[in-house]
Every structure is written in C-alpha cells, then in structure tokens.
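All values derive from a computational prediction rather than experimental measurement. Just so it is clear: chains get the letters A, B, ... in the order the sequence lines come, proteins before strands, and each one is counted from 1.
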2 protein chains.
Amino acid sequence: MAFTFQRQVIYEAVLDSRQHPTPENIYEQVRGRIPSISLGTVYKNVKTFLDTGLLKEVSLHHGSLRLEANMTPHHHVVCSGCKAIFDLEESDVAPVELKSRLPKGFAIARCSVEIIGLCASCRGIGASNKKISTHHSSGARK
Amino acid sequence: MAFTFQRQVIYEAVLDSRQHPTPENIYEQVRGRIPSISLGTVYKNVKTFLDTGLLKEVSLHHGSLRLEANMTPHHHVVCSGCKAIFDLEESDVAPVELKSRLPKGFAIARCSVEIIGLCASCRGIGASNKKISTHHSSGARK
DNA sequence: TGACAAACGATAATGGTTATCGTTTAATAA
DNA sequence: TTATTAAACGATAACCATTATCGTTTGTCA
C-alpha cells in the first residue's frame, strides 16, 4: 500500500477528530488541506484502512436498519462475519459496573453489552446454517 | 393509530423472526401473506412502530459509517439524540462477566459496552455544543 | 351514509456508498 | 535517471436503502 499524501491527510483527519467521523465528515475536513480531493478517494481509502486494520468501524450494523420487537432490556451477540445477532437475556450478563465519570450532563437510559466474534457457520464449523442475509460485502479483501 | 391488517402482519413478521430483520427481510416475509403490499408501506409502518415504541432499532448507527482510529479495546457512550459517540477506556468499566453459554461454536473476539442515553446538549443543559452532525432525522415525530 | 383523515400502493427523489474509466502518480528495475 | 507498470487519483455514473410525493382506497366517526 503506497502511503500517498491523500492517505496521510485522511488518516490524520480521523486521528484528529475525537468524534468518530463519517466519510463525509472526513471529506469536509480534508478539503481544507487538499481542495481537489474527491469524495470517492476518501471512501476508497477508508475502505483500504478498514481492510488493513488501520481503522475500525464503530458499528457493524450501518448499512441497513435492523429491528427488534423484544423491548425488555437485553444484550447482543454479534457475528462480525455474517452480521447475525443473537439475543442474550439481561440476566445472562452481570450488571455493568462503571468505574469512572461519564461526560458532564450525560443521562444514562440503558446499558447494552455487545459480544462480538464469529459464529459457528462463519468459522466453518457445522453445516452452513443460513442466517438472514443482509449487508454489503464487508469481510472480503480484494 | 389504526391497526390495519398490513400493520398486524408486519408486526408479527418482526415478532416471529428471531433474527432482527431488515425492512427488506420483513417485506419478503410479509409478501407471503399480502402479495400486493408495497415496500414503502413496510418502511412507513416500521417507522410508525419505532416512533410509538412498539419496535426498537438494534443500532443507533445504521445510516452512515462511523470510524475510529483508536484500536485499543474501549467502550462507547452514545447519545440517542445527536448520535454523538464518546469513548470510555476499557479500564473505566469493570470486565464484563458472562453468566451463560453463548450460541454453540461462537468464538468471542471482543466485548464492547454501550452506554446509551442523552448528552448534555440534547437534554438542553448548557450551551448547544455542536457535535459533528450526522444521520437522518430520527427523533422527530411527524 | 357521508365526510374526512389516515393508510395504502406506486413511483420518484434523496443520500450514502460503490463501481467505472481515463489520467496521474508512485514504486521498481534497467 | 528514466522507462515501465501497477496503484491511486478525480470525475462521474450506478446502486441500494430509505424517504417523499401523490392519487386512490379504507377506516373512523358523526
């Protein structure tokens, strides 16, 4: 991977932003230093950074809305391969224990634990138990 | 809110699916019972259900990719109003303690705690400290 | 039953993201 | 250093998820 000027500036833009920016946010900031940059270049390089592990996405579930009818508090087990979501009852996880202050004035509504990993079928164990298919390619390297 | 036949079938489709379906998934399933239903109707009613609290969305961050450069394990404080994301160091939360089995064959990669609520500015406390603006309307009733 | 608002289906428009394509730039070897 | 070649760039079209619009149908209620 060639470390071009565009890449440096894009990467620094994410580093400097303490706010988990969107590609669009990055684009706007980078244009301050490279006015001719294309939004496509930002997307391409963000994808490259994700693939090589230089950056991470905050949520595995951008791309499409996922719904739930279970309104009781509970947690989620998420497969980073197929994006499958399994529920975990609230009692299956010991209460989360905060050891520091939150941002000033923040009012907690709820606490949700996400256990992220690979499900059996994505690890190649057992039959290919098809989940609901969703989401764009995410795990494929070019 | 009138409880039309379409609404009943859509809601049951989400209830029956143990898999956190997308609107598209729901559309496909509902078409089995109401072949003439429109995808737009599914979206409209899903939105209605979200607004009235009958359904919930799994992630507050579908819609647009959010990036992070902090590759050390950490947790997130998320404002459900403006979708702002604050980081919490791993040491700020006591280790998550699992009290049950996960789905057979699931390999844990990491555990992430999400503390969801309203930030100071979304509660109307303090100056309107603008965060990076992102995401479509989500909190607004029609 | 009639009147009116709400919901529906069809479809156009929007917004985020990816793909394409011709040109420019970077890496490598001569 | 220059020539070669693949990778990266910018511009733009295409794509997919979602929302908006609009004319018609269906519920609700007087």
Pairs satisfying ring-ring contact (aromatic ring centres under 6.0 Å, His included), at least one member in residues 97-125 of chain B, at least two apart: none
Pairs satisfying salt bridge (Lys or Arg N to Asp or Glu O under 4.0 Å), at least one member in residues 89-101 of chain B, at least two apart: none
d(OH, B:Tyr27; P, D:dC16) in whole Å: 15 Å
Listed partners of A:Tyr11 passing ring pair (Phe, Tyr, Trp, His ring centres under 6.0 Å), at least two apart: A:Phe49
Spacing between B:Glu57 atom CD and D:dA17 atom P, to the nearest angstrom: 17 Å
Whole-Å gap separating C1' (C:dG16) and CG (A:Leu65): 15 Å
Modelled atom types, side-chain donor and acceptor of B:His76 and B:Glu68, under 3.5 Å: yes
Interatomic distance where NZ belongs to B:Lys47 and C1' belongs to C:dA6 [whole Å]: 17 Å
Residues which pass side-chain hydrogen bond (donor to acceptor under 3.5 Å, both in side chains) with A:Ser36, listed by chain and number, not counting sequence neighbours: none
Partners meeting side-chain hydrogen bond (donor to acceptor under 3.5 Å, both in side chains) with B:Arg110 (sequence neighbours left out): none
Rounded distance (Å) that lies between atom P of D:dC16 and atom OH of A:Tyr43: 16 Å
Name the pairs: protein N/O against N/O of nucleotides 9-14 of chain D, kept only if under 3.5 Å.
from, atom 1, to, atom 2, distance (Å)
D:dC9, OP1, A:Thr4, OG1, 2.8
D:dC9, OP2, A:Asn45, OD1, 3.1
D:dC9, OP2, A:Asn45, ND2, 3.0
D:dC9, O3', A:Gln6, NE2, 3.1
D:dG10, OP2, A:Ser38, N, 3.4
D:dG10, OP2, A:Thr41, OG1, 2.6
D:dG10, O6, A:Lys44, NZ, 3.1

side-chain hydrogen bond (donor to acceptor under 3.5 Å, both in side chains) partners of B:Tyr43, counting only residues at least two apart: none
Residues forming a side-chain hydrogen bond (donor to acceptor under 3.5 Å, both in side chains) with B:Arg33, sequence neighbours excluded: B:Glu12
Five-pair end axes of the helix from C:dT1-D:dA30 to C:dA30-D:dT1 and the angle they enclose, rounded to 10°: 30°
